[in-house]
Enquirer: 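Here's a structure for you.
Lettering of chains follows the sequences in order, A, B, ..., and the numbering in each one begins at 1. The structure presented is a predicted model; accordingly, all values stated were derived computationally and were not measured.
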Amino acid sequence: MRSAEALRLLLRNPYGRLGLAILAALVVIAVVGPYATPYGVWQYGVCRPFERPSLSHPFGCDEIGRDLLTLFLYGARVSLFVGFVAAALSTLLGALLGLLSGYFGGPLDVVLMRIVDALLAIPSLVLMIIFAAVLGPGLFNIILVISILSWPPVSRVVRSQVLSLKEYPHVEAARACGAGAARILAKHIAPATLPLVVANMVLQVSNAIIAEAALSFLGLGDPRIPSWGGILRFAFRMGAVSAGYWWYVVPPGLAIALAVLSVTFVSYALDEIVNPKLRRY
Amino acid sequence: MGLPRYAAVRAAQTVVSFFILITIAFFLFRVMPGDPTAFLLESPRIHPLTRELLRRRLGLDRPLYEQFFVYLSNVLTGELGYSLYYGRPVTEIIFGRRMLNTLTLVGSSTAAAILVGLVMALGAIRRYGSRVDPSLTAFSMVTYSIPTFWLGMMLIMLFSVNLHLFPVGGTITATRVHEGVLDLILDYLWHMTLPFVVLTLIQLGYNYLIVRNAMLSILQEDFVYVARAKGLTESAVIRRHVFRAAMPPFVTIVGLQLAGIFSGAVMTETVFSWEGLGRLMFEAVSTRDYPLLQGLFILILAAFLVANYAIDLLYAYLDPRVRLR
């Protein structure tokens with residue numbers, strides 16, 4: 001299936017359409033938003049602490065008089081950036097290890113699959129918290145932590161597909177013609193796993209956004225520019241919840257939920273396209 | 001492969017997993033750039049001689065492989081060291097009240113989510129084609145998308161701060177003298193209500209989708225066709241044939257989900273100040289209490305490996321096809 005055709009099918013599906021629309025809107029907010037606000041992320045005292053939303057400050061203000069809309073726009077950037085980059089890296093890593101493990105088998109396969117089993121057996125957030133705590137907070141570290149702990153499911157599905165692909169006649173024919181392992185993997189096996197890899201990458205995006213939010217809420221995110229999860233951390237620590245300052249708490253959480261929901265919609269639509277059995281019943 | 005042989009093979013795999021994970025923990029806590037002992041040893045307030053003594057006492061002057069074997073024997077004998085923050089043995093802090101609180105919260109909400117999820121799936125399948133299933137599927141996607149900690153914050157704002165129905169957090173009312181055990185239990189349950197609701201909600205959608213999908217694919221099997229052909233009512237077909245066949249995959253998936261539930265518990269306990277292992281983990285991170293963090297990690301991974309093992313055995317018992325593979 002060519003990518004243009006896949007996109008057309010995705011846009012024909014109501015879930016796919018809605019998901020892509022929300023996602024596109026959020027990406028626009030993240031890219032353009034910070035240029036549209038007159039304030040900086042650390043510019044405090046532009047309004048009274050915990051000021052209610054008004055025309056000049058539509059999202060209200062935080063505990064040191066920062067404009068919450070500004071924080072929200074910058075936060076979009078961090079949340080989505082970490083989500084997309086970490087998802088891409090972990091999918092890439094998982095696909096690569098899955099390809100190698102499935103194609104070559106042997107001791108490499110045994111060792112990798114034991115590591116996958118071990119990592120899948122325990123709560124990934126616990127591992128991420130511990131890794132992030134030892135490495136220290138930071139944008140780079142959080143991307144690193146999420147991507148090196150999220151690849152196991154991808155590698156497992158790619159591996160099982162490679163196991164069946166490598167028995168196919170066209171692969172055997174290529175081998176008979178004297179093609180080396182690298183060429184067979186790159187030309188004949190990897191392209192065939194692409195739909196599966198893309199479907200998994202979509203799932204990885206929603207997982208990465210959720211993981212980033214949770215880690216930032218625990219204080220392990222980027223300390224320079226707070227993401228949506230980081231804003232919620234401030235809100236919680238500064239008592240906005242127990243004081244009932246809803247304008248501090250509602251927008252970032254809603255935005256995380258919308259981002260994850262839109263990605264989930266896209267993934268649901270992809271599932272219906274790739275797996276026609278679901279449409280039948 | 002018979003069941004005993006399968007049990008033995010899986011046991012060996014579990015042991016291997018355990019060694020992989022504690023080896024990762026060893027290198028993480030010792031070799032990574034932020035060496036957890038560095039802030040103790042490199043503090044300028046500590047005299048060089050004291051530092052040298054401390055290094056020797058902690059065994060840090062030994063070669064790495066020797067340190068690794070000492071670590072292994074410590075882990076295997078349950079010697080997890082002392083918490084820097086509490087100054088008490090790590091095992092003493094973890095086993096006890098903390099663990100009990102987490103087990104109560106996670107256990108009850110998981111049971112509730114399984115029960116309600118099954119009922120929801122049965123209801124949706126019986127009226128398949130009506131609006132029940134699409135709306136429940138949408139509900140599942142929404143609950144999956146909402147961050148656990150944010151759901152908790154919203155519930156606190158609504159039910160505790162605005163409506164004054166539930167406490168803002170904690171496990172029991174610290175300022176109150178409880179009259180008898182019943183009073184204490186009621187106070188405990190009152191504090192547990194909101195965290196319980198959060199943890200149940202985040203699991204519910206997932207359980208629903210799993211059972212629903214399993215039952216939908218079973219509905220296309222030949223034995224369902226036969227059951228219908230012999231004149232069983234639709235509800236009898238679903239109850240006796242579809243529902244039962246959907247149970248083995250459900251058991252495993254609930255088992256695999258345990259790890260995710262615990263991740264949810266970490267966030268929920270943090271938001272509600274519930275004095276459990278999840279909250280303890282958050283505190284250990286905040287106070288940079290590395291021995292406690294390491295102890296928590298080792299115990300959590302041991303618990304989850306054992307749980308996974310037990311679930312796999314149960315699945316193999318329920319579905320003989322698994323062990324034959």
Enquirer: With only heavy atoms counted, which part of A/L218 is less than 4.5 Å from chain B, the side chain, the backbone, both or neither?
Expert: both

Enquirer: Could you have a look at A/T264, A/L125, A/I115 and say which one has the most heavy-atom pairs with chain B under 4.5 angstrom?
Expert: A/L125

Enquirer: Identify which part of B/I146 has an atom lying under 4.5 Å from any heavy atom of chain A, answering side chain, backbone, both or neither.
Expert: both

Enquirer: Search all heavy atoms of B/F262 against all heavy atoms of A/P123 and return the closest pair with its distance.
Expert: CD2-CG, 3.9 Å

Enquirer: Report the option among A/A240, A/S262, A/S242, A/G136 that has the most heavy-atom pairs separated by less than 4.5 Å from atoms of chain B.
Expert: A/S242

Enquirer: Counting only heavy atoms from other residues, nucleotides and ligands, does the tally under 6.0 Å from CZ of B/F139 exceed 12?
Expert: yes

Enquirer: For residues A/R114 and B/S17, report the shortest heavy-atom separation together with the two atoms involved.
Expert: O-OG, 4.2 Å

Enquirer: Which atoms form the tightest heavy-atom contact between B/V161 and A/A243, and what is the distance?
Expert: CG1-C, 4.3 Å

Enquirer: State the CG-CD1 distance between B/L293 and A/I129, to the nearest 0.5 angstrom.
Expert: 8.5 Å

Enquirer: Pick from B/L305, B/L296, B/T270, B/I24: which one has the most heavy-atom pairs with chain A under 4.5 Å?
Expert: B/T270

Enquirer: Any heavy-atom pair between the side chains of B/M153 and A/W246 that's under 4.5 Å?
Expert: no

Enquirer: So, taking the atom named CD1 in A/I210 and the one named OG1 in B/T148, what distance separates them when rounded to the nearest 0.5 Å?
Expert: 7.5 Å

Enquirer: Do you know the tightest heavy-atom contact between A/V260 and B/S145?
Expert: CG1-CA, 3.7 Å

Enquirer: Which heavy atom of B/S263 sits nearest to which heavy atom of A/V126, and what is that distance?
Expert: OG-N, 4.4 Å

Enquirer: Which bit of A/V263 comes within less than 4.5 Å of chain B, counting heavy atoms only: side chain, backbone, both or neither?
Expert: neither

Enquirer: Heavy-atom cut-off 4.5 Å, strictly under: side chain, backbone, both or neither for A/L220 against chain B?
Expert: side chain

Enquirer: Tell me whether the count of non-hydrogen atoms from other residues, nucleotides or ligands lying under 6.0 Å of CZ in A/F84 goes above 12.
Expert: yes

Enquirer: For A/L261 and B/M141, work out which heavy atoms get closest and say how close.
Expert: CD1-O, 3.6 Å

Enquirer: Contact part of A/A259 toward chain B, heavy-atom cut-off under 4.5 Å: side chain, backbone, both or neither?
Expert: neither

Enquirer: Under 4.5 Å heavy-atom distance to chain A, tell me which part of B/S286 shows up: side chain, backbone, both or neither.
Expert: neither

Enquirer: Would B/M154 and A/V250 count as a side chain to side chain contact (heavy atoms under 4.5 Å, CB included) here? Give the steps.
Expert: CA-CA 8 Å; B/M154 295 301 286; A/V250 174; 3.6 Å; yes

Enquirer: Check whether B/N162 gets within reach of chain A through its side chain, its backbone, both or neither, counting any heavy atom under 4.5 Å.
Expert: neither

Enquirer: Could you tell me whether the side chain of B/P147 reaches within less than 4.5 Å of the side chain of A/F217, counting heavy atoms only?
Expert: no

Enquirer: For B/L21, is it the side chain, the backbone, both, or neither that has a heavy atom closer than 4.5 Å to a heavy atom of chain A?
Expert: side chain

Enquirer: Counting only non-hydrogen atoms closer than 4.5 Å, does B/Y144 touch chain A with its backbone (N, CA, C, O), its side chain (CB onward), both, or neither?
Expert: both

Enquirer: Looking at chain A, which one of B/F282, B/F304, B/F297, B/W150 has the largest number of heavy-atom pairs inside 4.5 Å, strictly under?
Expert: B/W150

Enquirer: Answer with side chain, backbone, both or neither: which region of B/V266 has an atom nearer than 4.5 Å to a non-hydrogen atom of chain A?
Expert: side chain

Enquirer: Can you confirm whether A/Y15 is buried at OH, in the sense that more than 12 heavy atoms of other residues, nucleotides or ligands lie under 6.0 Å from that atom?
Expert: yes

Enquirer: Taking the side chain as every heavy atom from C-beta outward, state whether A/I130 and B/Q294 have any pair of such atoms under 4.5 Å apart.
Expert: no

